[in-house]
Q: 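So that we are looking at the same thing, I have put the structure below in structure tokens.
The sequence lines fix the lettering, A, B, ..., with proteins before strands; numbering per chain opens at 1. In this text the structure is predicted, and so the values were computed from the model without any measurement.
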There are 2 protein chains.
Amino acid sequence: MDPVRRPRGRPRKPVLLEPAGLGPRRGLHDQAAERLRALIVAGTLPAGAALVETELSAALGISRTPLREALKLLAVEGLVELRPNRSPRVAELCADAVTELFEAIAAIERAAAELAARRIAPAELERLRRLQTEMEAHHAAGALASYFALNQQIHALIVASARNAYLREAHEALHARAEIARRRALDSRARWDESVAEHRAILAALEARDPERAGRLLADHVGHTGTALLAGLDSTPDAA
Amino acid sequence: MDPVRRPRGRPRKPVLLEPAGLGPRRGLHDQAAERLRALIVAGTLPAGAALVETELSAALGISRTPLREALKLLAVEGLVELRPNRSPRVAELCADAVTELFEAIAAIERAAAELAARRIAPAELERLRRLQTEMEAHHAAGALASYFALNQQIHALIVASARNAYLREAHEALHARAEIARRRALDSRARWDESVAEHRAILAALEARDPERAGRLLADHVGHTGTALLAGLDSTPDAA
DNA sequence: TTTTGGTGCTCTGCATGCAATTCATGCCAA
DNA sequence: TTGGCATGAATTGCATGCAGAGCACCAAAA
């Protein structure tokens, strides 16, 4: 009944999967993909966990066919790793991969910021300001989770303001994987102050509609986040 | 027996699908995805064509299950468009989308060039030089197809030299879609001279290990390619 | 004790069958 | 003639059954 299977037997923490209580949505495979994505990003399904079709399908209350389709989907997104005739596994992220990942995210967000500086609408700028204010409030209150959520919304909004569906798409795919790494990292409260300040500078650059500066600041910000996260990475996430 | 179904009846050109003669490969779904990708990029399956599962599976000599998985795969890659309870369609590319597409490719290739300028290995540089020479030869000989193939190899090699799997991944996904647009464009021989010269300049920047210049040149090059291609786009690709 | 060959089981991969939804055709009424 | 509607076929979506590949465990020999 436990869909999580670690490569070699180890103390398995119970994984809770609601039997399938979700509302009227699109196809089951889509729902399954969404759920699995959430479970993987949240770390409920830890990196390296084997995903056995029969067990997962039973846990999700669906049959193997839509589940397989969902797994293929997540494989393309890079969240799971399929090997022929073997159980798919939740993708691992070694330190090198995290470095590359944030490098790529920085590249995309830089381009997005440059475009956004030219194209962002006043309403979006206003929303960015509100989010920044809110984030600073959560920062001051020490609310880590809320801070992260706001932070993510800000980055997503900047990318959206670039008005480029392909950049946005690429960013989303990479962001999901970054979230995994983020969950595995220890609290990096040390970087809060820095991060908030950097966000303020980025917002200022966007308001000034300075593409070069906005792009550079955002890329640097993501780069810093990556290195900070890398430093705080739990070096022994699953394997002993 | 004809897997191509145009939205409204029109003279359908015959689509040739080999019954399944390929050698020992991975899963059928993978083979199917690869084949369909090739057919879509080549334009054999034109944009907007409805992909009926039973017909396609029969044409490919496989059953519907692996075909469905392949279609989901291509949907994530953005080559086909799935709508619930309707036949999947080959994704369309309107002019705006092409603009955005090349914008995104330019962004990624710029980042890749900047990284490549720092990381490219001497052997890769040597290979780039050879490809450039070869491409110039094909250019001089007026061999359009060979020129395009070489051009693509050069871009792929530059991205590979950046040593970032995520950028490479994003680039590949976008590149497939760009190929579709390229097939729909009229001959842009007018840009040959320009393009070859730009490639020479990019190579020089990489040899000089100048990230900023290499990135800017490559981004501009891609941008020019995009606008040229956009100008030569067949404005009535399928619909009357 | 270590290594090698065998054996059984589990799991994936694929094919097929059935139900639900959608689209098209034709009919009827205004 | 035109608009709306009902009916039918076609197609997707999902579940299940079966064959093949891989892995683990076990036994036997060096």
Q: In Å, rounded to the nearest 0.5 Å, how long is the span from CD1 of Ile154(A) to NE2 of His221(A)?
A: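 One finds 8.5 Å between CD1 of Ile154(A) and NE2 of His221(A).
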
Q: Map Arg64(A) and Asp30(A) onto DNA chain D by nearest heavy atom, then report which one ends up closer to the 5' terminus.
A: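 First, find each residue's nearest nucleotide; the 5'-ward one identifies Asp30(A).
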
Q: What's the closest nucleotide to the side chain of Pro88(A) if the choices are dT12(C), dT11(D), dA15(C)?
A: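 Looking only at side-chain atoms, Pro88(A) lies closest to dT12(C).
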
Q: Give a yes/no answer on whether the side chain of Thr65(B) brings an N or O atom under 4.0 Å of OP1 or OP2 in dC14(C).
A: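 It does not, given that no N or O in the side chain of Thr65(B) lies less than 4.0 Å from OP1 or OP2 of dC14(C).
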
Q: Give a yes or no on whether the backbone of Ala162(A) and the side-chain of Arg119(A) come within a donor-acceptor separation of less than 3.5 Å.
A: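 Indeed, once roles are kept as given, a pair shorter than 3.5 Å links the two residues.
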
Q: Quickly work out the Gln31(A) CD to dG13(D) P distance and round it to whole Å.
A: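 Value for this atom pair: 13 Å.
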
Q: Reading DNA chain D from 5' onward, which residue's closest nucleotide shows up sooner: Glu69(A) or Arg83(A)?
A: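 This one resolves to Glu69(A).
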
Q: Just by distance, do the side chain of Glu100(A) and the backbone of Ala165(B) share a donor-acceptor pair under 3.5 Å?
A: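 Yes, because the side chain of Glu100(A) sits within donor-acceptor range (under 3.5 Å) of the backbone of Ala165(B).
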
Q: What about Thr54(B): does its side chain form a donor-acceptor pair under 3.5 Å with the base of dT12(D)?
A: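 Answer is no: no donor-acceptor pair is held.
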
Q: I need the CZ-P distance between Arg89(A) and dC11(C), as an integer number of Å.
A: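 Nearest whole value for this atom pair: 15 Å.
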
Q: Would you mind reporting whether Leu73(A) and Leu36(A) have side-chain heavy atoms less than 4.5 Å apart?
A: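 Of all side-chain heavy-atom pairs linking Leu73(A) with Leu36(A), none is under 4.5 Å.
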
Q: Taking atom P of dC11(C) as reference, at what distance in whole Å does atom CG of Leu51(A) sit?
A: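 So the two atoms are 13 Å apart, to the nearest Å.
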
Q: Using a cut-off of under 3.5 Å, enumerate the N/O to N/O pairs linking the protein to nucleotides 20-22 of chain D.
A:
{"unit_1": "dA21(D)", "atom_1": "O3'", "unit_2": "Asn85(A)", "atom_2": "ND2", "d": "3.4"}
{"unit_1": "dG22(D)", "atom_1": "O3'", "unit_2": "Arg86(A)", "atom_2": "NH1", "d": "3.1"}

Q: Please state how far atom CG in Leu71(A) lies from atom C1' in dC11(C), giving the value in whole angstrom units.
A: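 After rounding, the gap between these two atoms is 13 Å.
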
Q: Can any side-chain N or O of Glu109(B) pair as donor or acceptor with the backbone N or O of Val159(B) at less than 3.5 Å?
A: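 No, the answer is negative, given that no donor and acceptor are paired below the 3.5 Å cut-off.
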
Q: Once you round it to whole Å, what is the distance between C1' of dA15(C) and NE2 of His29(B)?
A: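 After rounding, the gap between these two atoms is 14 Å.
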
Q: In whole angstrom, what separates Glu53(B)'s CD from dG17(C)'s C1'?
A: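 Checked: the CD to C1' distance equals 14 Å.
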
Q: Does a side-chain N or O from Arg68(A) land closer than 4.0 Å to OP1 or OP2 of dT12(C), or not?
A: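 So the side chain of Arg68(A) is outside the cut-off, no N or O lying under 4.0 Å from OP1 or OP2 of dT12(C).
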
Q: Rounded to the nearest 0.5 Å, what's the gap from CG on Leu39(B) to CG on Leu60(B)? Could you check?
A: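 Taking CG in Leu39(B) and CG in Leu60(B), the distance rounds to 7.5 Å.
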
Q: Nearest whole angstrom, please: distance from the P of dC14(D) to the CG of Leu67(A).
A: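 After rounding, the gap between these two atoms is 12 Å.
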
Q: Backbone N or O of Glu77(A) within a donor-acceptor pair of the Arg177(A) side chain at under 3.5 Å?
A: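 At least one qualifying donor-acceptor pair exists.
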
Q: Over how many whole Å does the gap from Glu55(B) atom CD to dT11(D) atom P extend?
A: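 To the nearest whole Å, that distance equals 6 Å.
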
